Amino acid sequence: MPNLRPVIDDLPASKIREVANAAMDRRDVLAFWFGESDEATPPFIRDAAVASLAAGETFYSHNLGLAELREAIARYVSSMHPRVGSDRIAVTSSGVSALMLAMQALVGAGDEVVAVVPVWPNLTAQPAILGAQVTRFALAPDAEGEWRLDVGALCRAVTQRTRVLLVNSPNNPTGWTLARDEQQALLEHCRATGTWIVADEVYERVFFDGDDRGAAPSFLDIADPDDRLIVVHSFSKSFLMTGWRLGWLVVPPGAAPSFAKLIEFNTSCAPVFVQRAGLAALANATDFVPGLVERLRRCRDTLLPLLRAIPGVRVATPRGGLYAFMRAPGSGDSLAFAKRLVQEAGVGIAPGAAFGVEGEGWLRWCFASRDPDRLRLGAERLAEFVRL
Ligand SMILES: Cc1ncc(COP(=O)(O)O)c(C=O)c1O
């Protein structure tokens, strides 16, 4: 393509797509490659969108989203964390758009972003698109395959020159989740260095070790309102709404008008009928989310023992998120392994290299499925493939 910015040419093509594109139209393939369930959005959410369209709600909304939705999000967030007012909420057209807005607000050419990796590649690509320097700080797996953070080393990597610390917890792909004392240490350190924390907490509710609130530890639990903290959220994962493209940001008091301007130049606003669907989702969150998390837990607990029983497979039980992240015999070149696995055994999973060099040798399996038998059959096929 002629004369685009070099940074665009340098963006990595999705390795997950590279595996999926080769086999997406094959009906015999069991696909576990993308980060979504095969369960459709529940009818009560879909009905709200249909009713909105039937009522002719086809117009722009406020840049920050319908006031009603901002209030509902603020109530939802405040039901799990210390109170957040609706003046700190910006509705966005997806979690990924929320992340990009946070990056646009905070970083420009040459700014340093420290990102905890491996991680969903969009997190590190977005600051790179804006010209920022991304320093990767790696989690490390222990002997059982559980990924861990060296908080002290991360604090040493974040200096006064670091503009943003980017953390995704619960983490895609590893399932690693920040503990409260780790969050506290990072927050205090970032206060000292003047570094912003951008916390991607889109899997906050998809957490299997939660307390009564049913949520993973959040920076919102410990931060003061005036801390340099932006929290990124999405309707995608906890309400089965990946295709709807709806998310939100929690920003510091006084920052929302600036985000309204940024949203104007990105998407102007989220579609109103999608926002109505979001309102219906939140109105029923207490009934819906715990049931979904239980179904996901059953998926996880079906798949993990089957994977572990395959000789040579190393996989820890993820505390949160939708993924089993594992090593298998022969998975050293994860892209080649994933391509062969889909071609020869009809099982589609994501290569760990898609999440950065730190994920090389690993494989990500999304276990969110309505039908546990699909997981069982997939595991059988993997066992057979590995044995041959
Ligand atoms: C870590 C992480 N953040 C953000 C997102 C974005 O979700 P969405 O754009 O669907 O709201 C995803 C989606 O997979 C993710 O894994």
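Here the structure is a predicted model, which is why all the values come from computation and not from measurement. Whatever order the structure lists ligands and atoms in, that order sets their numbers, starting from 1.
Under the 30°/60° scheme for interplanar angles, the aromatic rings of F325 and W147 are found to be tilted. Note on ring orientation: taking the six-membered ring where Trp is involved, the planes of Y203 and Y323 are perpendicular (angle over 60°, cut-offs 30° and 60°). Using cut-offs of 30° and 60° on the angle between ring planes, the pair F288 and F44 is perpendicular.
The closest side-chain donor-acceptor pair between S369 and R374 falls under 3.5 angstrom. No hydrogens or angles considered: nothing links the side chains of S334 and R364 as a donor-acceptor pair under 3.5 Å.
With sequence neighbours left out, the side-chain contact (heavy atoms from CB on, under 4.5 Å) criterion links T41 to I45, R46, M241, W244.
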Note every protein N or O atom lying under 3.5 Å from an N or O atom of ligand 1, pairing the names and giving the distance.
residue: ligand 1; atom: 3 (N); partner: D200; partner atom: OD1; Å: 3.4
residue: ligand 1; atom: 3 (N); partner: D200; partner atom: OD2; Å: 2.5
residue: ligand 1; atom: 9 (O); partner: G95; partner atom: N; Å: 3.3
residue: ligand 1; atom: 9 (O); partner: V96; partner atom: N; Å: 3.0
residue: ligand 1; atom: 9 (O); partner: R245; partner atom: NH2; Å: 2.7
residue: ligand 1; atom: 10 (O); partner: S236; partner atom: OG; Å: 2.6
residue: ligand 1; atom: 10 (O); partner: R245; partner atom: NH1; Å: 2.8
residue: ligand 1; atom: 11 (O); partner: G95; partner atom: N; Å: 2.6
residue: ligand 1; atom: 11 (O); partner: S234; partner atom: OG; Å: 2.6
residue: ligand 1; atom: 11 (O); partner: S236; partner atom: OG; Å: 3.2
residue: ligand 1; atom: 14 (O); partner: K237; partner atom: NZ; Å: 2.8
residue: ligand 1; atom: 16 (O); partner: N172; partner atom: ND2; Å: 2.8
residue: ligand 1; atom: 16 (O); partner: Y203; partner atom: OH; Å: 2.8

